[in-house]
Number of protein chains: 4
Amino acid sequence: MAREKVVLAYSGGLDTSVAIRWLADEEDLDVITLAVDVGQGKYLADVKEKALAVGAVESLVADVAEEFAREFVTKALAANALYEGKYPLVSSLSRPLIAKCLVEAAHEHDAAYVAHGCTGKGNDQVRFEVSIAALDPEIEVLAPARDWDMTRDDSIEYAKRHNIPVPITKENPYSIDDNLWGRTIECGVLEDPWTEPPNDAFELTVAAEDAPDEPQYVVVGFEGGVPVSIGGEKMSLVDLVDKMAEIGGAHGFGRVDMIENRLVGIKSREVYEVPGALALIKAHSALEDLTLERDLLHYKAGVDAKYAELVYYGLWYSPLKEALDGFIATTQPAVTGEVRLKFYKGGCSVVGRRSDASLYDYDLATYEPADTFSHDSARGFIELFGLPVKVWSKKRKGQ
Amino acid sequence: MAREKVVLAYSGGLDTSVAIRWLADEEDLDVITLAVDVGQGKYLADVKEKALAVGAVESLVADVAEEFAREFVTKALAANALYEGKYPLVSSLSRPLIAKCLVEAAHEHDAAYVAHGCTGKGNDQVRFEVSIAALDPEIEVLAPARDWDMTRDDSIEYAKRHNIPVPITKENPYSIDDNLWGRTIECGVLEDPWTEPPNDAFELTVAAEDAPDEPQYVVVGFEGGVPVSIGGEKMSLVDLVDKMAEIGGAHGFGRVDMIENRLVGIKSREVYEVPGALALIKAHSALEDLTLERDLLHYKAGVDAKYAELVYYGLWYSPLKEALDGFIATTQPAVTGEVRLKFYKGGCSVVGRRSDASLYDYDLATYEPADTFSHDSARGFIELFGLPVKVWSKKRKGQ
Amino acid sequence: MAREKVVLAYSGGLDTSVAIRWLADEEDLDVITLAVDVGQGKYLADVKEKALAVGAVESLVADVAEEFAREFVTKALAANALYEGKYPLVSSLSRPLIAKCLVEAAHEHDAAYVAHGCTGKGNDQVRFEVSIAALDPEIEVLAPARDWDMTRDDSIEYAKRHNIPVPITKENPYSIDDNLWGRTIECGVLEDPWTEPPNDAFELTVAAEDAPDEPQYVVVGFEGGVPVSIGGEKMSLVDLVDKMAEIGGAHGFGRVDMIENRLVGIKSREVYEVPGALALIKAHSALEDLTLERDLLHYKAGVDAKYAELVYYGLWYSPLKEALDGFIATTQPAVTGEVRLKFYKGGCSVVGRRSDASLYDYDLATYEPADTFSHDSARGFIELFGLPVKVWSKKRKGQ
Amino acid sequence: MAREKVVLAYSGGLDTSVAIRWLADEEDLDVITLAVDVGQGKYLADVKEKALAVGAVESLVADVAEEFAREFVTKALAANALYEGKYPLVSSLSRPLIAKCLVEAAHEHDAAYVAHGCTGKGNDQVRFEVSIAALDPEIEVLAPARDWDMTRDDSIEYAKRHNIPVPITKENPYSIDDNLWGRTIECGVLEDPWTEPPNDAFELTVAAEDAPDEPQYVVVGFEGGVPVSIGGEKMSLVDLVDKMAEIGGAHGFGRVDMIENRLVGIKSREVYEVPGALALIKAHSALEDLTLERDLLHYKAGVDAKYAELVYYGLWYSPLKEALDGFIATTQPAVTGEVRLKFYKGGCSVVGRRSDASLYDYDLATYEPADTFSHDSARGFIELFGLPVKVWSKKRKGQ
């Protein structure tokens, strides 16, 4: 009788390679691996063969980089999404799309299970499982790496015993996740929050000290909140993000070093390199400053923070996330124009912004004779604006 | 019969110098000037004489830099206060203290009026007048610069006619405000948001390109949210902020270039240099990331934003500001420890943080064998955490 | 040469009647009056003639009750809009629509001005003027009642002198505003916040003591957040709101007595009767409790409060209001079902709710044997949910 | 060798009675029961004997009603705490205090464990366990009712087999929790959200239909946010809350019927009777409307909602709760004065409020000749208040 099937999210790394064998041997399942290309394509070169070599009955690769850019990156960018003000949701953003691919593959291949290789203390297990439950509340999720209770050394031991290649070595002691929007680096010396991350942890960014001695100016064009051109040249979003990352990385820009609060209740020290994501969020946000009305801008800051938190918490497919999208969607048509960035020695500054939808009105703002602002109005404004405090103060002094 | 008296906030600049004469001549008042040293002392060298020369009957100088640091800067820092995420409230922070000095001086000198030199389109008029009304709801405020309806050229003309020195020249085309917490630069070419601010606008910061080729590491020590040492050396808060500004400025760090929403309803392009303020806020905030519990930290981000908005809007003396202080005060005792900053070529990064009150728990966070985290708990957590979305999804799919 | 024209928002009351004459005589304008029927039709019986009698050159009546229901009431209801948790925005809701009618009439009749009869201390002047500026930033607004500086007695005097009928008498000492969504009552004894509003202030509601001795049960049906039926009978929204008001009013339900914070900075004691609005908001909100997911519901409570504040502040036509509409629109399709209300002696309680989109799951919720809830999951959930507090507590106790 | 000890929170009900036996027999522990009187004293009459009869080695009763009022009720009232706008936190409020009593008793009696009788699907297990972890992160918590996996029928069976009295019968089919602040009723027919709760579920409140035909007016006096008198008569807080509950209940006021979102992810239909709590929250809130400044009041509404959510979620002992207390504490001194309530046939309305700290200023608010409001200021105020929307509108129309 045929064995039941499981579709396993496969990265080619140690944990998911061990998981193939474990699911086959311990759970007695036919393992179909699914490697999802969300822009980290270059790392997936031989992933198909790897999976089959380790024991998968089928090895799928889904290239959804373009969908990732269009449906996920644009929304995160519209929300200037930075978890805890710093982390642009690299892995958080790809998980719901990978979950979608998993569920679709399971349906297509009549698999009763899907599986992921996350351990029990990270955020990704939550993101996978909540997304999968939202997409198909009936499908069962296996989390072998959480259940088998192996230490990293156990995993390596297990891998060796089963002839599974072990990619993490003393020379490359980090655990990596990678996609179009950036790169996550974990483990090893990075777990000490007092120690500066060493340069060997980074791949997309040079050290600021090694960056060129000349600044580079780059103009990014936006239409309706979406970046569409660099230096006047139109390009696809995937290409544009890659290009932005390349420019930023070459100037040493885009390293994030933070203490982060995980959903599962612990603080961790996290290191990212996100030159493209950070530069585009800076530019997008600067264009919003120019084109969105004050009250909207102030309120949107709270919406943006909530948005990042929700996505970080794995709630991409949730009704609150949908409602925040509804809010944000009304605001983006005005976010059309150009932003001038200056990259230099690890830094990226906004040094210019312009837009046909600009709400900056020179005649109102200037201190030059062109001034059209109604100075007379100020006295009345202050009188009524300050009245509640004045009444409160009078009462308090009178007591 | 003796003329009535007015106490005028005096900076030594063109507008307030003209205001002395105008109040004396047009309003028929005895003008007592008050120059308030909130850390910009060096610019006040001959301010006393200047005022008398122009026609003040008395010229006061109040040195409140220490009070400014203790009562205003520490609170703004505890709130990581950045208006619209960028501006550390330089002028916004000094106005309520200057207002307090004005009201006290008026009481002491039996003056029926206080006056400021702000025009009708800025924020400072609101900050002065709302603060003054809160401190003494009965005193009357004069705003000659708002009322006399002169252009800048008119002012210069008026000044020349009355032998008032004119400090703003073609060589120094900017309008400046300055205190311990930083420096505001306005006017001229800065009013074009597409143009990068020229280097001649800045005094506290060198251009990143001119900064040293070697990075500098600095350890800042905090006790209860207040910075108390640099590089292990204890110093007064005034000295510490100055020192921090000096280090940051020498590395080209601390320039802010933003589109800002004024309380009076217009967008303006604002330029600041705030090397000390920004570096300390970065360090303080990083230490909070380490020592404050997650829910508190996330909620406090909203409180901090509101705090900055309130102070920017001139509501320092307001019951909501008091209540936010009450919130923040409970959070700061834990913010004790050290932060390591790296300055280099215009940038300042947090590269280390440590604290006896740290909530980062290596044994919980590590992927090494020391791990004490309960991996078993994750499945149950995810099940209940994701349950509302799962129920919602089931229902929606069923329809 | 022809005089310039002004379109005046006309209620038929004293202030706007006086305004006709004042605009004609003092401002030398041809006055076109516009009475807008937003559901208070019965009070507009002879308004057309009244205006002409007082001196209008033309007297328009616009019946927009249906538009008011469709475009304004449904949105306010979707937001459960209650300013300061109590006031369902009666006048606040009609002002933007009246402003729209004014601007359209001005365009149609080539009028250079529009005018309203509000004084300088209320909210309505702001609502009119901000709405008008949003709809036509170029048109000029006249506010004769604010400018002429008459006391109420002066107005009556002026009215008598010009043979203008004076509707407010000792027998009816209140100032009223009225529309489909409810009725505002101001002035007189109501200005003492310690005194219970007398029964003669109310028209739509009987005193609770005079209500029937039997409760009445009413089932309201909703589709996509919009009420569509009462007791199973489908009806138009205008009819439905009227019917609901009639039922509630007959049972003495719907009186509001509150201290309210006006936008212009003062507290006032306000009295409303809003039987239809309050009953529908109660029902709508109860249906949301059944059909909206928890996180969405909690976040929406904040959105709803902001919505009410914005509309109260006159910002109906604003980009933040549009964005909140975008948020809310995604939430309403699920708000479909029935709510059972019980009216009795001044009260209205929700005593039942049901929906095909209900997220209440009996099998999960019950304590009976049908229970399908995963009790095992709780321990893991609590462990991780409480972990941040546990770590914080450990650290604090250790110090 | 002596058995280890456990301190069990004991109510005298079925579940905790079964738990005594289960802990003794299955876990081989000496069971010390602790009945905590948080104002429901009358129900604890023979609780001491009951526990010993079932097999406890010791039976403690702690009377902390006064502490409950002083430390918990006053804070909840200061926050107008209503979870989801409706539920005044009856059980949520007592759990942290009971947890504190448990931990203290465990320390005193050298018990290694504490235990509660909650099942796995309610909120109370979370409140107990998170509170206990915060108070003593090292102590172990047992939750026998969650672990033993019995249905209610199993429990009854088990009880009968062990001669444990079974209080819940067909005549009293509800599960009750009770304290000074109110009463929770669960189970049975109440689980159908379409059915009106039957009168036999209620004990503290008569049916509205059975309430007196005459309204009753009651004046409640507050000092610093705390109610101190009824009808001018000073009394202790415990007595005052009881008195208020008695008055309200006699008039049929204080029944709550709602769909509630539990922390563990499910919606449930909940029924409460809380006549004292609701009446006092209404009065307290009305006094805040009179005495707190607008911006503070609007912001505090959000703080209040968060406060209720936190306490409902079991986070009484958490740093965010402490910080919110810090916020609220600054606001309460002004909440001093009197509120007049009217009870009638199920309803309770605020019909008057007065205070020496009142910010209602008759001279500013009145439409009578006493008016001191600056009408001139309005035009300037509106001009600048509406300016951002006007600029936005101009720009949008121009495109």
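Lettering of chains follows the sequences in order, A, B, ..., and the numbering in each one begins at 1.
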Contact origin within A:L292 toward chain B - heavy atom pairs under 4.5 Å
backbone

Are the side chains of B:V264 and A:F373 in contact, using a 4.5 Å heavy-atom criterion?
yes

Can you check whether B:V126 reaches A:F385 side chain to side chain, under 4.5 Å on heavy atoms?
yes

Which of B:K267, B:K86, B:R269 passes salt bridge (Lys or Arg N to Asp or Glu O under 4.0 Å) with A:D289? It is B:K86

Cut-off 4.5 Å, heavy atoms of chain B, and the answer for A:A286 is neither

At a heavy-atom separation under 4.5 Å, does B:V141 approach chain A through its side chain, its backbone, both, or neither?
backbone

Among B:S318, B:S349, B:G386, residue most engaged with chain A (heavy-atom pairs, under 4.5 Å)
B:S318

Flag the one option from A:D153, A:L359, A:L320 with the top tally of heavy-atom pairs under 4.5 Å to chain B.
A:L359

Would A:E84 and B:R294 pass as an ion pair if we require N to O under 4.0 Å?
no

Where does the angle between the aromatic ring planes of A:Y313 and B:H298 fall among parallel (under 30°), tilted (30 to 60°) and perpendicular (over 60°)?
parallel

Going by heavy atoms in the side chains, are A:E138 and B:K394 under 4.5 Å from each other?
yes

Heavy-atom closest pair, residues A:W194 and B:R354:
NE1-NH1, 3.2 Å

Has B:K390 got a side-chain atom pairing as donor or acceptor with A:A134's backbone, closer than 3.5 angstrom?
no

Select one option (side chain, backbone, both, neither) describing which atoms of B:E186 are under 4.5 Å from chain A's heavy atoms.
side chain

Among B:G347, B:S285, B:P319, who wins on heavy-atom pairs under 4.5 Å with chain A?
B:P319

Side chain from CB out, backbone as N, CA, C, O: work out which of these in B:L263 comes under 4.5 Å of a heavy atom of chain A, or both, or neither.
both

A:D376 versus chain B, the contacting section by heavy-atom distance below 4.5 Å:
neither

Where does A:E383 contact chain B at under 4.5 Å (heavy atoms): side chain, backbone, both or neither?
neither

Measure B:D147 against the heavy atoms of chain A and call it side chain, backbone, both or neither at under 4.5 Å.
side chain

One option among A:K121, A:E338, A:H375, A:E196 has the most heavy-atom pairs under 4.5 Å with chain B, and it is A:K121

Whatever's closer than 4.5 Å to a heavy atom in chain B on A:V219 counts as side chain

Do A:R146 and B:I382 have side chains that get closer than 4.5 Å, going by heavy atoms?
yes

Take A:E214 and B:K345, measure what salt bridge (charged side-chain N to carboxylate O under 4.0 Å, His left out) needs, and give me the verdict at the end.
CA-CA 12 Å; A:E214 291 302 312; B:K345 289 279 185 190; over 6 Å; no

Using a 4.5 angstrom heavy-atom cutoff, name the option from B:T366, B:V130, B:T119, B:V389 with the most pairs to chain A.
B:T366

With a 4.5 angstrom heavy-atom cut-off, is it the side chain or the backbone of A:L387 that approaches chain B, or both, or neither?
neither

Side chain / backbone / both / neither for A:P215 at chain B, heavy atoms under 4.5 Å:
side chain

Contacting moiety of A:I266, where chain B heavy atoms sit under 4.5 Å
side chain

Is any side-chain heavy atom of A:V350 closer than 4.5 Å to one of B:D257?
no

Highest number of heavy-atom pairs under 4.5 Å with chain B: which of A:S268, A:G85, A:G265, A:G122?
A:S268

Please check: side-chain N/O of B:R353 versus main-chain N/O of A:P193, any donor-acceptor pairing under 3.5 Å?
yes

Heavy-atom closest pair (B:Q125 atom, A:A378 atom, distance to 0.1 Å) is OE1-CB, 3.3 Å

Please report the shortest heavy-atom distance between A:S393 and B:A133, naming the atom on each side.
OG-O, 3.8 Å

Less than 4.5 Å to any heavy atom of chain B: does that hold for the side chain of A:W392, its backbone, both, or neither?
side chain

Looking at chain B, which one of A:E293, A:R340, A:R255, A:M258 has the largest number of heavy-atom pairs inside 4.5 Å, strictly under?
A:R340

Determine whether a donor-acceptor pair (N or O, by modelled atom type, separation under 3.5 Å) exists between the side chain of A:Y360 and the backbone of B:E191.
yes

For A:Y83, is it the side chain, the backbone, both, or neither that has a heavy atom closer than 4.5 Å to a heavy atom of chain B?
side chain

Proximal component of A:T195, with respect to chain B [non-hydrogen, under 4.5 Å]
backbone

Let's test your reading of the structure: which of B:A301, B:S374, B:A208, B:G346 forms the most heavy-atom pairs below 4.5 Å with chain A?
B:A208

